[in-house]
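Before any comments, here is the structure.
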Amino acid sequence: ILPEDTLNKNLNVEKEKNNRGPGAVAYACVPVSSRVSTKIQQLLNTLKRPKRPPLKEFFVDDSEEIVEGIPQPDPNQPKPEGRQMTPVKGEPLGVICNWPPALESALQRWGTTQAKCSCLTALDMTGKPVYTLTYGKLWSRSLKLAYTLLNKLGTKNEPVLKPGDRVALVYPNNDPVMFMVAFYGCLLAEVIPVPIEVPLTRKDAGGQQIGFLLGSCGIALALTSEVCLKGLPKTQNGEIVQFKGWPRLKWVVTDSKYLSKPPKDWQPHISPAGTEPAYIEYKTSKEGSVMGVTVSRLAMLSHCQALSQACNYSEGETIVNVLDFKKDAGLWHGMFANVMNKMHTISVPYSVMKTCPLSWVQRVHAHKAKVALVKCRDLHWAMMAHRDQRDVSLSSLRMLIVTDGANPWSVSSCDAFLSLFQSHGLKPEAICPCATSAEAMTVAIRRPGVPGAPLPGRAILSMNGLSYGVIRVNTEDKNSALTVQDVGHVMPGGMMCIVKPDGPPQLCKTDEIGEICVSSRTGGMMYFGLAGVTKNTFEVIPVNSAGSPVGDVPFIRSGLLGFVGPGSLVFVVGKMDGLLMVSGRRHNADDIVATGLAVEAIKTVYRGRIAVFSVSVFYDERIVVVAEQRPDASEEDSFQWMSRVLQAIDSIHQVGVYCLALVPANTLPKTPLGGIHISQTKQLFLEGSLHPCNILMCPHTCVTNLPKPRQKQPGVGPASVMVGNLVAGKRIAQAAGRDLGQIEENDLVRKHQFLAEILQWRAQATPDHVLFMLLNAKGTTVCTASCLQLHKRAERIAAVLGDKGHLNAGDNVVLLYPPGIELIAAFYGCLYAGCIPVTVRPPHAQNLTATLPTVRMIVDVSKAACILTGQTLMRLLRSREAAAAVDVKTWPTIIDTDDLPRKRLPQLYKPPTPEMLAYLDFSVSTTGMLTGVKMSHSAVNALCRAIKLQCELYSSRQIAICLDPYCGLGFALWCLCSVYSGHQSVLIPPMELENNLFLWLATVNQYKIRDTFCSYSVMELCTKGLGNQVEVLKTRGINLSCVRTCVVVAEERPRVALQQSFSKLFKDIGLSPRAVSTTFGSRVNVAICLQGTSGPDPTTVYVDLKSLRHDRVRLVERGAPQSLLLSESGKILPGVKVVIVNPETKGPVGDSHLGEIWVNSPHTASGYYTIYDSETLQADHFNTRLSFGDAAQTLWARTGYLGFVRRTELTAATGERHDALYVVGALDETLELRGLRYHPIDIETSVSRIHRSIAECAVFTWTNLLVVVVELCGSEQEALDLVPLVTNVVLEEHYLIVGVVVVVDPGVIPINSRGEKQRMHLRDSFLADQLDPIYVAYNM
């Protein structure tokens, strides 16, 4: 909205100025102070904030590239060349004089005139006929039910059901008789049956969606059988459970004994069939939602007529039905067409097929059936079990209707079945594939052939052509061909056209694949209650290429993809629901399943248990294949099968598979008839609860749309960057704390240059003033030190150093003590003796192998002349266990300071100049580097003074410290500051918190502490451990309202999320949200920022992560996608100056750039302490100059951290506008990938969010691969769920492909005492194969 140049100038332009942004004009004159205007002011501020990305020259936003990255159409891809198709008509529907006016009339006719004729036979579990329903019984029982439904459920004045109400039918698949009676009973009562599956558990696969259907149909009543009702899951008190997502239902049992006989004069109302609804058939969409296709009485009747004509049904024929009789072809042929034509249906339930796969063939043989209704699966099973039966005959069959003739594998099933059973009398012309859909009902069916006539031809199509929606006869290798059989002709009385699958319903060309649409009176009329979707499906008027409607006949989309071939034969090549659109090409899920099955799968996976779907990851669809693994398949078998499937799909379909997962047998969610519930499987995959036992991901081959790697612009020197910034009106990024010289102090401390002198002066001036109090886990004071006590203790230690150690001034001494006062005394003892103290964290007795080598290394590197320690540690250093970890014979002199003689030095040492070394500060960085820095006396003095001024520390003040006292600012606060400023420090060793989580907060409350310091590990311990204990804290009377500052001492980017949860959690016990802040220091300068008492609160900003990778800082709104919340790291200390510098060119950068933070301050360390004093590194890190633009030639130290400076609206203590410093991360931790700069923590944050079972995560690179290590805190079966989730999130949010995902146990990722992850140690362990992972996935 605003011109670009205001972008990086101060963001909230002066409040009163008129903002002429659109929409703002009307409000411009409201005074800022008024109450009303706060909301308006927010609006104005939002309008002023930067919305557009920065100028192109500086940084290209890559989202455009990604969208371009989706492969552009191949210029050589096949395109349709035929003319526009014309709709194809079926033969006219014959006018047969005795067709009934409604289906119910047919039932009435046969029920009253042919009562003894068989209508339906049910089988028992072994496949033997158990009951036959006659037409007479069907009629009389349906009448009883109709009468009961209308008259006996409520009172006369308030009937429960009225004609037109919807009723659920809940009958198991082995009870066709009860179902048929219920269905026709509903039709006779003019209520609308909605057949659904029997719910088996409270949370069936897809059960919730069925509940949605019941609710949207307004169903309050369910009909069922007594047996079924008994089997439904019950609550403790015997009521039927409330199924998830279902409305409250009243259950009505329809067994005969519960029905009332209608009076003689009662007759059902049977009117001629019209467009009023007859029944609702449920249908599950690709996303898993369940819709109800409403079928009118007229469509039900017309469809029966069309089927009867197409199949040439005649009275008295027997039909064997293996399909689900509640829906689709099983319902149409086995429940409707049989009644229309007085045929006899033998219903073979799925449960019988599982135990006796040949039962349907035996039924055909035993009943001399003319027609059988099957799926390819039934043909396949019959062939597998064929050996058991030598003497069956199928010669009676004139039609074997294969209802999934539209599937790619139907051809081979039909051929194989024919070749096996032709010798049993099966006629080739009897095989009749058909195509159906819930919306269009029967789309096409092959008519029974004339014996001896040639069988219809096959279409052998090019897979590549199909993927572009074009029909091309395959001339290449037979592997990449799809052979399809026709599904016969259009239905009698119907019309068909093919339209483009997406966009407006434009008619396809003759050589183009599209969605089959049918127009006839025999399809569904609507999705119940969903008017919008209905219009797009049931009322389609095709248009020509110009977009003009063709005719005015509405068509119904069938959901099937196909074409009309020569001789008006219909071919189906797939379903809209199974369509996978990958990079602009269409693939069919069923084809991919078929390819997977063609790879000798049977040893490894189950034939019918493969799911293929696509998930949307990174701007494109990606193919996922999930299969159930046989229990006896070995890891090796599975892996081999997976690799071969990937190759097969790649070579046949020319498409990559993103993820191939194998799950244990019987764990995929099932549909009621044993298929796989695809949408539920996809749901489980995406939420990480599929629990695979084997997984293979291939993002490297599939993801082809990543933006091009960034090329660094050569030749843009520091000078041109600076000029560019000035021209663009951008500030050079720099900031400074208050000027030390201008701060007046009337303190006697100023006249002392050395800390040792200050301690001596305090011991004389205020001998009894207590400087230190040490607490134990119980919160009891175990030790205190007044000025005099500390001075005396230090004198004795100094004397021992001379006597026992024979040390000279300038010798280095290692101090090995647990956190406490002894450590402080030893430090001052060294200063008194002129030795250089080196504080070292003592080794952990339980973990010597990991902790002792670090001690040894510091002792060696610092060339220590002796070690000061207590008796316990002294014994530990010389113990047998220690000898296993290091060489204990070569320790320098070890002096035990527990029992010291009362001796003092004749004279305390005074350094000749303040530039002399005071102490060495050793620390191990997160990258595993041990670095020691030299701190001079003047630096110590300057550091203490800066902290004193920032925190306003005086002898009357008390602070609480819960930190490790071994290096950095933690050491300075613990050992130095109290002696300098005279305030009292309450010392809380962090390890005591493990025994008592309340210790730190209780201490703060007990002493009413206003300022407290802690580490991130302490804060995390309290947040996690006391999260549910806030009430306990209240009852203990702990109140934190006294706290003015609670400062986290850190050398990293502030952990905003942790600080915020800590603040929110303890807000209830009085903690002010403004109290929590953080410090920033580095190896070269241990204290650069520290919040302190005065000055504005720490600010936070949201920056764009994509820009950050390009070393650009772009502010965005809260909630913007790909944004990162950063917090200022406290205020810059007095006397400290920082500048942001390009680490390569060493030129200063503008404040919209990310660069290295360089610092100049009197308390900067004077250099590294190394064995071979490398001068170049020293100069580069401690005394370096800007390459351009600094006339003063200031000497800077490089912190090794990336950050940026922003000018804020706030006023600093000096009265100037406040400049905030934001730390983004350590330079040597960053990962350079694809030419961009990534911070591990950002990737880790994304990964930690994806699954509840991820405890911790760390990333590093290995060769050019990104390795992600996740700690799994859930059950081990979740390990492989994490692999696709990790890969997806890193790709989506960071545009990176993960190379390796390592799943490990909790606690494997090493963390140092500051709570920072040691990623390099982790990398070393990974490369040395020492992680003992639960699973390692190498993404191909």
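Please read these numbers as outputs of a predicted model, since none were measured by experiment.
A salt bridge does not link E317 to K342: none of the charged nitrogens lies less than 4.0 Å from a carboxylate oxygen. Salt bridge annotation for E276-R297: present, with a cationic side-chain nitrogen under 4.0 angstrom from a carboxylate oxygen. The pair R446-E429 fails the salt-bridge criterion, with no side-chain N (NZ, NE, NH1 or NH2) lying under 4.0 Å from an Asp/Glu carboxylate O. Of the charged side-chain nitrogens involved, none lies within less than 4.0 Å of a carboxylate oxygen, so that K326 and E281 do not count as a salt-bridged pair.
Put simply, CG on D577 and OG1 on T284 are 9.0 Å apart, with the number rounded to the nearest 0.5 Å. Here the CG-SG distance, from L400 to C414, works out to 7.5 Å after rounding to the nearest 0.5 Å. To the nearest 0.5 Å, atoms OG1 (T294) and CZ (R166) are separated by 9.0 Å. Distance check: L323 CG to D328 CG gives 7.5 Å after rounding to the nearest 0.5 Å. Within the model, atoms CG of L223 and CH2 of W251 stand 10.0 Å from one another, a figure rounded to the nearest 0.5 Å. Rounded to the nearest 0.5 Å, atoms CD1 (I270) and OG (S105) are 5.0 Å apart.
Between P428 and L418, the closest side-chain pair of non-hydrogen atoms falls below 4.5 Å. Here the side chains of Y282 and P195 are not in contact, with every heavy-atom distance at 4.5 Å or above. For the pair L426/F417, a side-chain contact is recorded, criterion being any heavy-atom separation below 4.5 Å from C-beta on. By the 4.5 Å heavy-atom criterion applied to side chains, T318 and I346 are counted as neighbours. In this structure, the side chains of P100 and R109 stay at 4.5 Å or more apart for every pair of heavy atoms. Side-chain contact between K575 and D590 is present, with at least one heavy-atom pair separated by less than 4.5 Å. At a threshold of 4.5 Å between non-hydrogen side-chain atoms, the residues I445 and M491 count as touching. Using a 4.5 Å heavy-atom cutoff, the side chains of I401 and V371 are in contact.
Side-chain N or O atoms of T436 include none that pairs as donor or acceptor with a backbone N or O of T442 at under 3.5 Å. Proximity of a side-chain donor or acceptor of N151 to a complementary backbone N or O of Y147 within less than 3.5 Å is detected. A distance-only check finds no donor-acceptor pair linking the side chain of Y171 to the backbone of V198 [under 3.5 Å]. Here the side chain of D404 pairs no donor or acceptor atom with the backbone of K375 at under 3.5 angstrom. Counting only distance, with no hydrogens or angles, the side chain of E628 and the backbone of N666 share a donor-acceptor pair below 3.5 Å. Under the 3.5 Å distance criterion, the side-chain polar atoms of K427 are matched with a main-chain donor or acceptor of L397. A distance-only check finds no donor-acceptor pair linking the side chain of N321 to the backbone of G334 [under 3.5 Å]. A donor-acceptor pair under 3.5 Å links the side-chain atoms of D165 to the main chain of K162, judged by distance alone. T345 places no side-chain N or O within donor-acceptor distance of the main-chain N or O of S347, the cut-off being under 3.5 Å. No donor-acceptor distance shorter than 3.5 angstrom exists from the side chain of T224 to the backbone of C228, with no hydrogens or angles considered.
Applying the ring-ring contact (aromatic ring centres under 6.0 Å, His included) test to residues at least two apart or on different chains, the pairs with a partner in residues 336-356 are F183-F336, Y279-F336.
Side-chain contact check for T132 and S118: no donor-acceptor pair (N or O, by modelled atom type) lies under 3.5 Å. A donor and an acceptor atom, one from each side chain of T148 and Y258, are nowhere located under 3.5 Å apart. Inspection of the N174 and S351 side chains reveals no N or O donor paired with an N or O acceptor under 3.5 Å.
Across all non-hydrogen atoms, the minimal contact from A278 to L187 is O-CD2, 3.6 Å. What you find for P433 and D486 is that their closest heavy atoms are CG-O, 3.7 Å. The shortest heavy-atom contact between R609 and I676 is C-CD1, 3.2 Å. Between D255 and M178, the shortest heavy-atom contact is OD1-CE, 3.4 Å. Closest non-hydrogen pair, M340 versus W110, comes out as O-NE1, 3.5 Å. Minimum interatomic distance between M343 and S314 (heavy atoms only, all atoms of both residues): CG-O, 3.6 Å.
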Steps toward side chain to side chain contact (heavy atoms under 4.5 Å, CB included) verdict (Y527, L213): CA-CA 10 Å; Y527 292 125; L213 170 76; over 6 Å; no

Quick one: do N173 and D324 satisfy side chain to side chain contact (heavy atoms under 4.5 Å, CB included)? Show the steps, please. CA-CA 7 Å; N173 289 318; D324 181 359; 3.5 Å; yes

Evaluate C186 against L149 for side chain to side chain contact (heavy atoms under 4.5 Å, CB included), listing each step before the verdict. CA-CA 8 Å; C186 288; L149 290 177; 4.2 Å; yes

In sequence, state the C-alpha distance, the side-chain angles, and the governing distance for C119 and T134, and then conclude on side chain to side chain contact (heavy atoms under 4.5 Å, CB included). CA-CA 5 Å; C119 169; T134 61; 5.9 Å; no

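Crowding of K137 atom NZ: a count of heavy atoms from other residues, nucleotides or ligands under 6.0 Å not exceeding 12. With a 6.0 Å radius and a threshold of 12 heavy atoms from other residues, nucleotides or ligands, R447 has its CZ atom above the threshold. Around atom NZ of K327, more than 12 heavy atoms belonging to other residues, nucleotides or ligands sit under 6.0 Å away. Within a 6.0 Å sphere centred on NZ of K234, heavy atoms belonging to other residues, nucleotides or ligands number more than 12.
Relative to the six-membered ring of W139, R141 misses at least one condition, a distance below 6.0 Å or an angle of at most 45° to the axis.
Each of L331, T522, L103 was compared with M300 under the side chain to side chain contact (heavy atoms under 4.5 Å, CB included) criterion, and only L103 meets it. A side chain to side chain contact (heavy atoms under 4.5 Å, CB included) with V364 is found for exactly one of S395, S359, S396, S393, namely S396.
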